[in-house]
Amino acid sequence: MKLRGKVALVTGAAQGLGRGFTESMLQQGAKVALLDIKVLDGRKTTKELGLKYGQDKVLFLPCDVTDKGQMESAFQQVLRHFGQLDVVVNNAGVTEQENWELVLDINLRSVIQGTYLGLHHMSRERGGGGGLIINIASMAGLIAMFHGPVYTATKHGVVGLSRSLGTPFHFDRTGVRVCALCPTMTDTPIQPPRVASTPEEQVKLDAHWAYTDSQGGLLKVSEVVAGFLQLVEDDSKNGAVMRVTKQKGVDYQPYGGGGQGVPVTTRKTRSKL
Ligand SMILES: NC(=O)c1ccc[n+]([C@@H]2O[C@H](COP(=O)([O-])OP(=O)(O)OC[C@H]3O[C@@H](n4cnc5c(N)ncnc54)[C@H](O)[C@@H]3O)[C@@H](O)[C@H]2O)c1
Ligand SMILES: CCCCC[C@H](O)/C=C/C=C\C/C=C\C/C=C\CCCC(=O)O
């Protein structure tokens, strides 16, 4: 998809990867609605991007993605304000916390909600113009993350959702591509500090940073954004699961015959996974 003249909606856009995806689409000539629960940060980011790319190109909408009413209202407001919707990026996410139900709500239930709302408004069978939904999963959607079992479960769920809706059965009716993006550890505010306030916490942090350093350290937001733009622009990718890692850069998770929209791999390639 060429982004010039298109309208995108990004959840969790106030900072980190969401802000990066937003700015990359503004650079390509799209208009973007930024949704976030952090109202002050969201307004600040929107103002800064508006000064750079034009205030008429951006719209900030305070929105808690776990609240169905707020999500429905945000989608309606985007359509009223910009008159169209072409791209939905379900990006808002949190890492493991004591309240595991909240991790599930934000990282998976809200992504399902955002995906269904995107299909509802963009689907050709409902009079929409087709479009693209990119769900931000993680490499934790493909492999185990020892210090985040629920986080890992939610990201596996996001991958499964995107692959299933990214099949020709759905695309033939909706004209909406659905893909998942799976970065490894990236340098955003979600990352924990290196030093903790208690010895128990320090053990976890040491394990996290030892793992991260062993993988080549943190990705830059710009490296993930480069992959994101490839996924936006390549209309042949539907149900595709893009990985972004320090070791291999941008590539796709091969699924063999079962993976729609991704190349079928050879046995030799599969054995290296
Ligand atoms: N940074 C990484 O290492 C990394 C790696 C792989 C995947 N991811 C995924 O990328 C996405 C973005 O993460 P990030 O690293 O930019 O994190 P971040 O913490 O910098 O940004 C997340 C944003 O989501 C918003 N948010 C959280 N809960 C919300 C809610 N209920 N409603 C609306 N907005 C909410 C936050 O306010 C914040 O602005 C997440 O889904 C995360 O799981 C991050
Ligand atoms: C395994 C592949 C990489 C997945 C990246 C993932 O999507 C992003 C993770 C972001 C931050 C790291 C997660 C947790 C913090 C680590 C330790 C915290 C320990 C403290 C605590 O238990 O609260």
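Here the structure is a predicted model, which is why all the values come from computation and not from measurement. Every number for a ligand or one of its atoms is a count from 1 in the order of the listing. Position 1 is the first residue of the sequence; numbering continues from there.
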* Might you confirm whether atom CG of L51 has over 12 heavy atoms from other residues, nucleotides or ligands at distances under 6.0 Å? => yes
* So is P192 close enough to ligand 2, meaning a heavy atom under 4.0 angstrom away? -> yes
* Asked: Taking heavy atoms and a distance under 4.0 Å, where does Q97 meet ligand 2: side chain, backbone, both or neither?
  -> neither
* Please state which protein non-hydrogen atom is closest to atom 22 (O) of ligand 2 and give its distance, to 0.1 Å? -> K204 CD, 3.2 Å
* **atom 21 (C) of ligand 2 [closest protein heavy-atom partner, distance rounded to 0.1 Å]** => E201 OE2, 3.3 Å
* Asked: Considering only the protein, which heavy-atom contact is closest to atom 2 (C) of ligand 2, and what is its distance?
  -> M139 CB, 3.6 Å
* Backbone or side-chain N or O of Q191 under 3.5 Å from ligand 2 N or O -> no
* Close N or O approach (S138, ligand 2; < 3.5 Å) -> yes
* Structure fact -> Looking only at protein heavy atoms, what sits closest to atom 12 (C) of ligand 2 is H208 CE1, 3.2 Å
* Answer yes or no on whether R243 is positioned over the face of Y252, meaning its NZ or CZ is under 6.0 Å from the six-membered ring centre and within 45° of the axis. => no
Note down each nitrogen or oxygen pair, ligand 1 side and protein side, whose separation is under 3.5 Å; give only atom names and the distance to 0.1 Å.
from: ligand 1; atom 1: 1 (N); to: T186; atom 2: O; distance (Å): 3.3
from: ligand 1; atom 1: 1 (N); to: T188; atom 2: OG1; distance (Å): 3.1
from: ligand 1; atom 1: 3 (O); to: T186; atom 2: N; distance (Å): 2.7
from: ligand 1; atom 1: 3 (O); to: T186; atom 2: O; distance (Å): 3.4
from: ligand 1; atom 1: 3 (O); to: Q191; atom 2: NE2; distance (Å): 2.9
from: ligand 1; atom 1: 15 (O); to: T188; atom 2: OG1; distance (Å): 2.5
from: ligand 1; atom 1: 16 (O); to: L17; atom 2: N; distance (Å): 2.8
from: ligand 1; atom 1: 19 (O); to: Q15; atom 2: NE2; distance (Å): 3.2
from: ligand 1; atom 1: 20 (O); to: Q15; atom 2: NE2; distance (Å): 2.9
from: ligand 1; atom 1: 31 (N); to: D64; atom 2: OD1; distance (Å): 2.9
from: ligand 1; atom 1: 32 (N); to: C63; atom 2: O; distance (Å): 3.4
from: ligand 1; atom 1: 32 (N); to: V65; atom 2: N; distance (Å): 2.9
from: ligand 1; atom 1: 34 (N); to: I37; atom 2: N; distance (Å): 3.4
from: ligand 1; atom 1: 37 (O); to: D36; atom 2: OD1; distance (Å): 2.6
from: ligand 1; atom 1: 39 (O); to: D36; atom 2: OD1; distance (Å): 3.4
from: ligand 1; atom 1: 39 (O); to: D36; atom 2: OD2; distance (Å): 2.7
from: ligand 1; atom 1: 41 (O); to: N91; atom 2: O; distance (Å): 2.8
from: ligand 1; atom 1: 41 (O); to: K155; atom 2: NZ; distance (Å): 2.9
from: ligand 1; atom 1: 43 (O); to: Y151; atom 2: OH; distance (Å): 2.6
from: ligand 1; atom 1: 43 (O); to: K155; atom 2: NZ; distance (Å): 3.0

* To which protein heavy atom is atom 18 (C) of ligand 2 closest, and what is the distance rounded to 0.1 Å? -> L205 CD2, 4.0 Å
* Asked: Are R194 and D213 close enough for a salt bridge, meaning some N to O gap below 4.0 Å?
  -> yes
* Is the H147 ring parallel, tilted or perpendicular to the H208 ring (thresholds 30°, 60°)? -> tilted
* To do: Without swapping roles, check the side chain of Q84 against the backbone of F82 for a donor-acceptor pair under 3.5 Å.
  => no
* Would you say E96 contacts ligand 2, with heavy atoms under 4.0 Å as the rule? -> no
